[in-house]
Structures are given as C-alpha cells and as structure tokens.
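Contents: one structure, followed by commentary.
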Amino acid sequence: MSNHAGKTLTSSGFYVSQEAPIHSDNPIAIPTAPAPDILRCAYMELVVTDLAASREFYVDILGLHVTEEDDQAIYLRSTEEFIHHNLVLRLGPVAAVAAFSYRVRSAEDLDRAVAFYTELGCRVERREGGFTKGIGDSVRVTDPLGFPYEFFYGTEHVERLSWRYDLQIPGELVRLDHFNQITPDVPRAVGFMQSLGFRVTEDIQDGEGVVYAAWMRRKPTVHDTAMTGGDGPRMHHVCFATHEKHNILAICDKLGALRRSDAIERGPGRHGVSNAFYLYLRDPDGHRVEVYTQDYYTGDPDNPVVTWDVHDNQRRDWWGNPVVPSWYTDGSLVLDLDGNPQPVIARSDSSEMAVTIGADGFSYTRAGDEKDALPAWKQGEGAAVSGSGSAPEAPPAPQEFKLGNQL
C-alpha cells in the first residue's frame, strides 16, 4: 500500500486507524428512521437439494444438534446456543440462502426494521408467527444490496448443551460466529451496514484505495458479517466457532477417516485477518462452511481498525499458504422473498485473486521485497504452474485445483 495517511504501522506489519477509511462513490441513502438495534448474527436458512445428505454432513460429521426435524426441514443448533436453532436446512429445488437472520434487542426493534427498510423502498414482509419454527414475530426484507435479511426478537428457548459432555464430540461446534457475503461494491456495502450500526474491524485495500473486503461486527468479536468483493449478491460462507485449534484438527482427522477429505476446500491454517485459526469445508450442495477459533475482543468504543495490504502474502493465511481459486470465485446463490434466485451482478473493481499472484506476479512476505521475490511454491492464488525448464502453463480450472502450485 502507498496511502497510509492517518494510520499507524504495527510491529506485525499491518496498519491501524480509529475509523475505517472506506468511502463509496455510490452510497445508499441513510433513512431518517432509526435502524433496528441488532445484537448478533443468529441463524442462517439454507436451501439444500438432498436433506438426507445434508443431515449426514451437518449432524453425523460436524455434530450440530437437532432441535427439530421433519421431511422438509431440519433445525440445528450449536452447543452453547439457547435459542431454537442456528441453522435451518430446508429442502428445495435450488441450493441457495433463504435468510441471513439477526436477533434484535427488543420487540420494538421490529417496528424500527419495518420503518427503516420501507423508507429505503425495499420489499418488507412481517409475520407474527415467524417464518421458521421456534422463531416468533419476524421481519424479512430484501435489502438494497440484494440480500435476504431477517430480524427477530422472540424465540423458543431450548436447553443449552454446554454441560452435556456425553453428547459432545472432539470437533464440537459451540456457537454461530459469522456470515460472509459476496458483493460487487464493497465500499457501498460497508456504508450501508454502518447505517445499521455495524462497525468495521478489519479491511483489505491497495494503494489506489480499492477495497477488496471488510469485516464488520455488532457483537464484540471481529465480525458478525464480512463483505467480500466479487460477483454478487451471493453467500461466501457461514461460520461456526470451536473452543480450540485441536477441535478443528479433530474435524480434519474425522473427515480423513471417513474418506470425506474432498469436503476440505482450504486449511487448516491461521488467518492474518482476524488472527483466527480456520478450516473451510463444502457441504454436499457446495455451500461453504467455515470452522473458526481464537479471534479477539473488539468491544471497546476506540477499538482500532486493522487495514491489510492486498499484496501482503500473510493477510489471508498467516503462514503464507496459497489460497485456492475456488475460495475466491465460488459462492452460494441468495433468494428473494418469493424464493427465486437473485441475479448476480459482476464486480467491476479489481478482484483480489487477479491483483495478487497470477496478474502482476507480486505478493510479499517481508515489506520491501522485490517484485517476483515470492518463491514459486508459494504462488497458489491463480498462479501459472510451471515445471523445470518448461514454459508456464495455464492454471487449472478451480474445480480441479486443490493445493495450488504446491502440487
């Protein structure tokens, strides 16, 4: 990066500032009506095409707990949860996301949600009986970015299973941590989420001011959602947290023992962004699920914003491991309120994969490294693959790509 005005360089190699220096040339108007007071991300409703296969993945392998199920839907929760569910798997014809659902502070915040989104001209629906089992009065909207959001307060309480060690597995998923959304215009998305009271904790930019991703929170962790630059609106992933790194390693060992290692898309590893230990999986429909642990507290009002250089080889993986192209290119469709897939709009700004290895050939591990200094075996983000004495070949198609140039 070259534009560091107002930022402080840390000993870890990234910059911090008090406010996210992200500005949109095409902002969404801020309503005069107050925004609902959002507490946290609460659950996601996923449409799946094979309920039995999805149950095997999320229940038998990942160990999420079944609150309720029938032949059309399965309601799942993580160990520490006391509301009815964190994940709904609903049978449908097209794999997609039906709702990113947030819990609000009070019943009155549902009135605020209706007024806020109505002023924006968004489609708004309210059901006193809720849209899913176990959830009361709820508001669903298609937001200005094209995403299906839900807001609710009332919920059926269920037993928190933290003390039921007899039910827990070595890779226990303890809570829903965040969503990650793909949008073509990250600054526009960030500005809109800030109007809902979200605060930026980290972002990735380049020296020309292009923003490639931003992490935003309501609860005092790194994020409740992130906006990732790409063709959208789509869902990048839904994330569940574990207590420790060894829980994630146990999941990898279990997948290997079951001959399901092809479900592992990326990791395990440690992010630079968020500092969290991570693993990315793909469910039977291709929906991406992250398992994540050990990020940090962000609840103070003067919590500094972390800005990463898009060319920093350690931003996405602290150990500098390559990022598989599918992680940048693939995502789940999202639905409108009638259950139809939203059209996907192409990103016009530079893509993160294109501007790192494979485009200008430059990412760095140490500031001041010369262009092309990164070893060939680290060049996995869409890099050309070459053998000894041979001309570079085109990179493999994303669906064929597993470990990048390390192969």
Side-chain angles (χ1 to χ4, degrees), residues 12 57-64 78-80 87 168-180 202 204 213 215 221-223 226 228 236-284 286-296 308 312-331 352-353 356-357 363 365 375 377-383 398-407:
S12 297
F57 179 81
Y58 287 101
V59 179
D60 299 341
I61 296 177
L62 293 185
L64 287 172
S78 49
T79 311
E80 295 183 355
L87 184 66
Q168 297 176 27
I169 63 174
E172 193 72 15
L173 306 183
V174 295
R175 58 185 169 272
L176 176 69
D177 190 83
H178 63 263
F179 309 134
N180 189 304
E202 303 200 26
I204 297 175
W215 286 254
T221 63
V222 172
H223 55 319
T228 296
H236 191 274
H237 65 263
V238 60
C239 176
F240 287 89
T242 64
H243 281 310
E244 297 287 348
K245 298 189 294 293
H246 68 77
N247 303 124
I248 291 177
L249 298 178
I251 293 171
C252 294
D253 283 339
K254 184 175 184 178
L255 287 165
L258 293 171
R259 290 288 171 173
R260 294 290 297 270
S261 62
D262 54 346
I264 300 173
E265 180 186 34
R266 182 181 165 208
R270 184 176 294 281
H271 285 306
V273 176
S274 82
N275 194 46
F277 201 80
Y278 71 85
L279 173 69
Y280 290 96
L281 307 173
R282 300 289 283 269
D283 81 358
H287 295 308
R288 185 179 289 108
V289 180
E290 183 182 17
V291 185
Y292 172 105
T293 191
Q294 299 181 339
D295 63 346
Y296 57 92
W308 293 83
D312 186 342
N313 186 50
Q314 296 184 191
R315 72 200 183 282
R316 290 295 191 180
D317 185 278
W318 189 240
W319 307 335
N321 287 327
V323 181
V324 294
S326 62
W327 193 89
Y328 283 120
T329 59
D330 294 2
E352 187 174 346
M353 183 171 72
T356 54
I357 298 166
S363 285
T365 301
W377 56 85
K378 286 289 188 182
Q379 297 182 23
E381 300 178 7
Q399 64 267 25
E400 300 170 351
F401 189 102
K402 180 69 174 175
L403 294 175
N405 213 36
Q406 293 181 0
L407 290 175

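As a basis for the values below, the full set of heavy atoms in this structure was taken, side chains included, without hydrogen atoms, waters or symmetry mates.
By the side chain to side chain donor-acceptor pair (under 3.5 Å) test, D317 is found to be paired with Y278, residues two or more places apart in sequence or in another chain being considered. Qualifying side chain to side chain contact (heavy atoms under 4.5 Å, CB included) partners for Q168, counting only residues two or more places apart in sequence or in other chains: T79, Y165, E172. Residues meeting the side chain to side chain contact (heavy atoms under 4.5 Å, CB included) test with P268, sequence neighbours left out: I248, L249, C252, F277, L279. Applying the ring-ring contact (aromatic ring centres under 6.0 Å, His included) rule to W327 yields the partners H236, Y280; only residues at least two apart in sequence or on another chain are considered. R282 meets the salt bridge (charged side-chain N to carboxylate O under 4.0 Å, His left out) test with E265, D330; sequence neighbours excluded. Taking T293 as the reference, nothing meets the side chain to side chain donor-acceptor pair (under 3.5 Å) condition, with sequence neighbours excluded. Residues forming a side chain to side chain donor-acceptor pair (under 3.5 Å) with S78 (at least two apart in sequence, or on another chain): N86. Every side chain to side chain contact (heavy atoms under 4.5 Å, CB included) that I61 has, sequence neighbours left out, goes to L255, L258, R260. Residues satisfying the side chain to side chain donor-acceptor pair (under 3.5 Å) criterion with H178, sequence neighbours excluded, are H223, H237, E290.
Using modelled atom types and a 3.5 Å distance limit, the side chains of N180 and T228 yield a donor-acceptor pair.
Between S363 and T356 the shortest heavy-atom distance is OG-CB, 3.6 Å. Between S12 and W318, the closest heavy-atom pair is O-CH2, 3.8 Å.
Counting only residues at least two apart or in different chains, salt bridge (charged side-chain N to carboxylate O under 4.0 Å, His left out) contacts with residues 240-255 are absent.
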